[in-house]
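This report refers to the structure that appears directly beneath it.
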There are 2 protein chains.
Amino acid sequence: MNSADEAEESRPLYAQVREQLIERIRSGAWKPGQLIPNEFEIAREFGVSQGTARKAISALADEQLVHRRQGRGTFVVQHTPAHVLFRFFQLFDESRTQIIPDSRKTVPVGAVANERERAELGLDKGARVIRVARVRLRKDKPFIAESIVFPDALFPGLAELPELPNTLYDFFQKTYGVLVVRADERITAVAADTETARVLEIDEGTPLLRVDRIAFGLVDRPLEWRVSLCHLQDAHYLARLR
Amino acid sequence: MNSADEAEESRPLYAQVREQLIERIRSGAWKPGQLIPNEFEIAREFGVSQGTARKAISALADEQLVHRRQGRGTFVVQHTPAHVLFRFFQLFDESRTQIIPDSRKTVPVGAVANERERAELGLDKGARVIRVARVRLRKDKPFIAESIVFPDALFPGLAELPELPNTLYDFFQKTYGVLVVRADERITAVAADTETARVLEIDEGTPLLRVDRIAFGLVDRPLEWRVSLCHLQDAHYLARLR
DNA sequence: CAGTGGTCTAGACCACGTG
DNA sequence: ACGTGGTCTAGACCACTGC
């Protein structure tokens, strides 16, 4: 027996089962929205008790990779535009209602990654990326200037598309089977530069919220680097601390 | 049997046990840092199985109200300055290291709550509050202008203190038995006004991150309203989205 | 009605920290 | 060696969903 096997055996059973289940989602063996086998099936298949299978499945539910519904079954999570916005778009208006942004035509452009992009996305020298610049609208007025970059390798052929949809993460899941599961946002305040002021139709120097996001998938590797310059006015970003 | 009893009986046992345990922490029957009875003791006391007691205690651990340590026992969470900063102070420097702020002498002032304060803290007309204004330092230079308000009723005698400590939440827990368990932060970008510019030793109009926090305790009522105006420079606020 | 997830029990053994 | 939390089992019953 090698050390890897020993390490494998020393980890809790439910953790091992959990990883195997994640692998099925990652590999696409279980598709988004699909009903997965019930607790007893999974228990039988992995040779564990129903309680242990349950603990593994519940861990996936906590991580929002599956959705459990009493009486119906357990389903692989399926991103929809509404779902993606709810989870990953944390801007609210003065009455604390979540803002639903629109976006203008967004055209992807392929290029070789620059140094900053390689650092943010963890790419090797020479790797290609896809860049997208777009303006998001609120009440038909521009309020966010966004620049998005993702590794070309993860989204083959995407650079050739004439246009991208308003919400990307559900599109990524549907088209490439790539699931965004978490994101880190680094937030600062900046003054609008000339170009941004023009795009957002505001005065140069207006204070903007800069949201610098790295999105991660099932394997802990960056899927996207996104910088959003937000002209909030009476709106705000909401962070919940626990 | 009345409807309240029926509702009580229809809720899962572990949820009922969980609430009773929370009440012991809230009431101060179990003090911060104290070792609580083990799973079998709690199971026996409430007339449930060890597994059910475990589920109740684990829920408290998930909520960060207790801390479990294998081989040692389960302890009521005890806020320390380091712990409070780690959980509730999400500013990081350019190398992604958490910033540890200092603060200048902070003097509390008692007053009758104004309309805005009553709205933010959910207070009745005529209620008294305690106000604190302070400047936080980074590398001995001012970088945050903070204004804090809390209900006088929760912190009797606090307005008479000559000075408050650098971290308040551990002080609240130690002195008043009041535990901060979560906070909502509403974040915007603003331009520094004359007074703030003077305090932070920057130019008027400099973009600042405005963090507007409401902190909550064990009962779902606001404990504090805090507005922080942050001159970040090369630092950033970090929000983790899951 | 059958099938699913949700709760609950009683008991066993393991891993860890302390004396 | 002892007591703690952590894992695992086998089985029971409940609550909800859809046919």
Side-chain angles (χ1 to χ4, degrees), chain A residues 1 3 5-22 24-25 30-31 33-78, chain B residues 1 3 5-22 24-25 30-31 33-78:
Chain A
M1 184 188 297
S3 63
D5 283 347
E6 283 173 28
E8 184 62 19
E9 290 194 358
S10 71
R11 286 170 51 245
L13 277 178
Y14 73 84
Q16 299 175 38
V17 174
R18 170 185 162 276
E19 286 214 355
Q20 303 252 33
L21 300 184
I22 288 178
R24 294 198 182 173
I25 296 173
W30 288 346
K31 303 287 184 200
Q34 184 181 330
L35 175 68
I36 75 173
N38 70 39
E39 297 177 352
F40 287 94
E41 282 284 327
I42 288 171
R44 194 179 50 72
E45 191 178 347
F46 288 93
V48 299
S49 73
Q50 175 260 356
T52 299
R54 178 178 183 74
K55 191 159 181 179
I57 299 166
S58 294
L60 298 191
D62 289 346
E63 297 168 66
Q64 304 190 69
L65 301 183
V66 300
H67 183 39
R68 317 193 77 171
R69 275 182 276 182
Q70 183 170 140
R72 295 196 55 191
T74 301
F75 302 81
V76 177
V77 74
Q78 181 164 32
Chain B
M1 185 187 297
S3 62
D5 284 346
E6 283 172 28
E8 184 63 18
E9 291 193 0
S10 71
R11 287 171 50 245
L13 278 179
Y14 72 85
Q16 298 176 38
V17 173
R18 169 185 162 278
E19 287 215 354
Q20 302 252 34
L21 299 184
I22 287 178
R24 293 194 184 176
I25 295 173
W30 288 345
K31 304 288 184 197
Q34 184 180 329
L35 175 69
I36 75 172
N38 69 40
E39 297 177 350
F40 287 93
E41 281 284 327
I42 288 172
R44 193 178 50 73
E45 191 179 348
F46 287 95
V48 300
S49 74
Q50 175 261 356
T52 299
R54 176 178 184 75
K55 191 158 182 181
I57 299 166
S58 294
L60 298 191
D62 289 346
E63 297 168 67
Q64 303 190 68
L65 301 182
V66 299
H67 183 39
R68 317 194 77 172
R69 277 182 273 184
Q70 183 172 133
R72 295 196 56 190
T74 301
F75 302 81
V76 178
V77 74
Q78 181 164 33

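Since this is a predicted model, take the numbers as computed values, not measurements. Below, chain A is the first sequence line, B the second, and so on; all start at residue 1.
- Under the rule for a side-chain contact (heavy atoms from CB on, under 4.5 Å), the partners of B:Glu45 that lie at least two apart in sequence or sit in another chain are B:Arg24.
- Applying the side-chain hydrogen bond (donor to acceptor under 3.5 Å, both in side chains) rule to A:Arg72 yields no partners; only residues at least two apart in sequence or on another chain are considered.
- Applying the side-chain hydrogen bond (donor to acceptor under 3.5 Å, both in side chains) criterion to B:Glu63, with sequence neighbours excluded, gives B:Arg18.
- Put simply, A:Arg68 has no side-chain N or O that comes within less than 4.0 Å of OP1 or OP2 on C:dT4.
- B:Leu60 pairs in a side-chain contact (heavy atoms from CB on, under 4.5 Å) with only one of the listed residues (B:Val17, B:Ile22, B:Val76), which is B:Ile22.
- Close to D:dC8, at under 4.0 Å from its OP1 or OP2, lies no side-chain N or O of A:Lys55.
- Scanning for side-chain hydrogen bond (donor to acceptor under 3.5 Å, both in side chains) contacts around A:Glu41 gives A:Arg44, with sequence neighbours left out.
- Distance, A:Phe46 CZ to D:dC8 P: 14 Å, rounded to whole Å.
- For the pair B:Thr74 and D:dG5, the criterion of a side-chain N or O lying under 4.0 Å from OP1 or OP2 is met.
- In this structure, B:Leu13 places its CG atom 13 Å from P of D:dC14, rounding to the nearest Å.
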Quiz item: Tell me, for nucleotides 11-19 of chain C in 5' to 3' order, what letter each nucleotide earns: B for a base near a protein heavy atom under 4.0 Å, S for only sugar-phosphate near one, - for neither?
Solution: ----BBSS-
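- By the side-chain hydrogen bond (donor to acceptor under 3.5 Å, both in side chains) test, B:Gln34 pairs with no residue at all, sequence neighbours left out.
- If you measure from atom CD of B:Glu41 to atom C1' of D:dG5, you get 15 Å, rounded to the nearest angstrom.
- Rounded to an integer number of Å, the gap from CZ of B:Arg54 to P of C:dA10 is 17 Å.
- Whole-Å rounding puts the B:Leu35 CG to D:dG3 P distance at 14 Å.
- When distances are taken from the side chain of A:Glu39 to each of C:dG6, D:dC8, C:dA10, the shortest belongs to C:dG6.
- Contact between the side-chain N/O atoms of B:Tyr14 and the OP1/OP2 oxygens of C:dC8 is not found at any separation under 4.0 Å.
- Look at NE2 on B:His67: it is 10 Å from P on D:dG6, rounded to the nearest Å.
- For the pair A:Ile57/A:Glu39, a side-chain contact is recorded, criterion being any heavy-atom separation below 4.5 Å from C-beta on.
- Taking atom CD1 on A:Ile42 and atom P on C:dG5, their separation rounds to 8 Å, with Å as the unit.
- One finds no side-chain N or O of A:Thr52 lying less than 4.0 angstrom from the OP1 or OP2 phosphate oxygen of D:dT7.
- Atom CG in A:Asn38 sits about 18 Å away from atom P in D:dT17, given to the nearest Å.
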